[in-house]
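Quick note on labels: first sequence line is chain A, next is B, and so on, each numbered from 1.
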2 protein chains.
Amino acid sequence: MENFRIILQKVNLKVTNARLGVLELFARSQKPIDAEEIFAYLQKEGVDADRATVYRMLETFYEKGIIDRFEFQEGKFRYELAGSDHHHLICEQCGRIEDISDCGINVLEREIKEKKGFLVKRHALEFFGVCESCQQ
Amino acid sequence: MENFRIILQKVNLKVTNARLGVLELFARSQKPIDAEEIFAYLQKEGVDADRATVYRMLETFYEKGIIDRFEFQEGKFRYELAGSDHHHLICEQCGRIEDISDCGINVLEREIKEKKGFLVKRHALEFFGVCESCQQ
DNA sequence: AACATATATGCAACTGAGTTGCAATTAGCA
DNA sequence: TGCTAATTGCAACTCAGTTGCATATATGTT
């Protein structure tokens with residue numbers, strides 16, 4: 001997966017093992033992951049990066065727009081590769097996280113600008129509830 | 001404001017000075033507040049409650065449905081008196097928090113149930129951007 | 001009013017997530 | 001190969017929140 005190098009070079013970040021490893025994990029992951037999961041993954045892969053390095057990496061990636069950041073009422077952040085405007089269904093019983101795509105909120109954002117003068121840069125929309133299989 | 005007593009009694013919570021103080025602060029506050037602000041307020045008012053008490057109180061109130069809980073990408077929770085379905089405009093420059101009322105997302109929730117089988121219990125919707133006065 | 005008791009609180013120690021300063025290392029360019 | 005800014009490791013720290021346990025107190029009952 002050599003395109004990870006390109007992603008990093010595009011935003012003027014040096015290519016390191018730790019960074020490649022983290023990007024690889026992000027590409028594999030189907031749902032938003034947290035710093036601890038990343039740290040554990042790197043250890044397992046023998047990359048051994050310090051926790052501080054992981055946190056600094058996440059901050060850098062976030063600032064550069066490589067990843068998105070979310071909060072699911074857990075008292076910590078989760079991240080995933082930046083991409084389309086999509087949101088999450090978080091099952092409060094099994095913790096499963098499902099995606100839903102574009103929510104038609106752009107209309108609302110335009111309204112907010114007109115009525116309140118507030119310029120929306122981004123929004124967070126998460127749904128908490130019970131997934132299908134937990135309802136049985 | 002003796003109706004704070006009634007609020008507490010309704011949900012089988014004992015009436016204490018700390019709890020009355022916190023409810024008073026909530027009633028005064030125009031925007032969601034965090035644990036530290038509550039702790040400082042109580043000290044100022046001479047109620048002196050421990051931080052642990054404040055956190056336990058917030059948890060209890062949240063469980064009982066007296067207050068709502070939010071996250072604004074700050075790495076901590078904010079709370080306000082439970083009420084109508086409304087959301088927030090958070091200015092990333094001055095930190096001002098404005099409310100917007102019902103967002104018409106109930107329609108979307110019904111769709112989610114039909115298409116995904118996921119039962120939405122609650123949702124979080126926050127807009128981050130720049131408020132009118134910070135745009136000048 | 002006094003009592004019993006479940007509830008609430010204070011204290012202190014702890015956890016988990018994330019941050020910071022600083023010295024050592026390394027990627028990328030000349 | 002050597003230079004230099006960017007990156008990392010280490011260790012100590014902060015900040016938000018939690019927990020165990022002993023004490024205190026609000027409230028229903030006598």
Side-chain angles (χ1 to χ4, degrees), chain A residues 2 4-23 32-43 45-64 66-80 95, chain B residues 2 4-25 32-43 45-64 66-80 95:
Chain A
E2 286 309 294
F4 295 147
R5 308 190 96 83
I6 295 161
I7 292 177
L8 291 171
Q9 285 161 0
K10 257 191 206 161
V11 294
N12 295 313
L13 291 179
K14 290 186 175 171
V15 177
T16 68
N17 280 343
R19 282 175 177 170
L20 290 176
V22 170
L23 288 178
I33 51 181
D34 63 45
E36 201 54 33
E37 287 170 315
I38 292 166
F39 180 71
Y41 173 82
L42 290 178
Q43 287 222 313
E45 297 290 301
V47 179
D48 93 300
D50 192 79
R51 263 189 192 77
T53 303
V54 172
Y55 280 109
R56 281 190 278 232
M57 220 185 294
L58 289 170
E59 204 190 322
T60 309
F61 286 3
Y62 179 61
E63 279 166 3
K64 298 285 187 178
I66 297 174
I67 55 177
D68 286 334
R69 191 173 67 172
F70 304 94
E71 282 172 305
F72 298 150
Q73 304 255 26
E74 301 170 301
K76 69 184 170 189
F77 292 105
R78 288 186 175 270
Y79 303 84
E80 66 185 1
Chain B
E2 285 308 295
F4 294 149
R5 307 191 96 82
I6 294 162
I7 293 176
L8 291 170
Q9 284 162 359
K10 256 190 208 162
V11 293
N12 295 314
L13 291 180
K14 290 186 175 171
V15 177
T16 68
N17 279 343
R19 282 174 177 171
L20 289 176
V22 170
L23 288 178
E24 211 168 294
L25 177 57
I33 51 181
D34 63 45
E36 200 55 32
E37 288 169 315
I38 292 166
F39 179 71
Y41 173 81
L42 291 178
Q43 288 222 313
E45 297 290 301
V47 179
D48 93 299
D50 193 78
R51 262 191 194 75
T53 303
V54 172
Y55 280 108
R56 281 190 277 231
M57 221 185 294
L58 289 170
E59 205 190 321
T60 309
F61 285 4
Y62 179 61
E63 278 167 4
K64 297 286 187 178
I66 297 175
I67 55 178
D68 286 335
R69 191 173 66 172
F70 304 94
E71 283 172 304
F72 297 150
Q73 304 255 27
E74 301 169 302
K76 68 182 171 190
F77 292 106
R78 288 185 175 270
Y79 303 84
E80 65 185 4

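- Under the 30°/60° scheme for interplanar angles, the aromatic rings of F70(B) and F72(B) are found to lie parallel.
- Here dA17(C) presents its P atom at 16 Å from CZ of R69(A), a figure rounded to the nearest Å.
- A donor-acceptor distance shorter than 3.5 angstrom exists from the side chain of R19(B) to the backbone of K14(B), with no hydrogens or angles considered.
- In terms of position on DNA chain D, the residue among T16(B) and A35(B) whose nearest nucleotide sits closer to the 5' end is A35(B).
- Positionally, the nearest nucleotide of DNA chain D for T53(A) lies more toward the 5' end than for the other of E74(B) and T53(A).
- With dA12(C), dT9(C), dA26(D) as the candidates, the nucleotide lying closest to the side chain of A52(B) is dA12(C).
- Look at CD on E59(A): it is 11 Å from P on dG18(C), rounded to the nearest Å.
- Side-chain N/O atoms of R56(A) and base N/O atoms of dG18(C) include no donor-acceptor pair closer than 3.5 Å.
- Within the 3.5 Å criterion, the main-chain N or O of F39(A) finds no donor-acceptor partner in the side chain of R51(A).
- Atom CG in L20(B) sits roughly 15 Å away from atom C1' in dT9(C) (whole-Å rounding).
- Residue A18(A) places its side chain closer to dT8(D) than to any other of dA17(C), dT9(C), dT8(D).
- Taking atom CZ of residue R19(B) and atom P of nucleotide dT25(D), one finds them 15 Å apart after rounding to whole Å.
- Distance, E36(B) CD to dC15(D) C1': 9 Å, rounded to whole Å.
- Put simply, the side chain of E45(A) never gets that close to the backbone of L42(A): no donor and acceptor are under 3.5 Å apart.
- Among the heavy atoms of the strands, none lies under 4.0 Å from N17(B).
- Rounded to whole angstrom, the span from the NZ atom of K14(B) across to the P atom of dT9(C) amounts to 10 Å.
- For R51(A) against dG16(C), a side-chain-to-base donor-acceptor contact under 3.5 Å is absent.
- Atom P of nucleotide dC10(D) and atom OH of Y55(A) are separated by 17 Å, given to the nearest angstrom.
- Summarising the geometry, the separation between CG on L58(A) and P on dG18(C) is reported as 8 Å, rounded to the nearest angstrom.
- Residue N17(A) qualifies as open at atom CG: its count of foreign heavy atoms under 6.0 Å is 12 or below.
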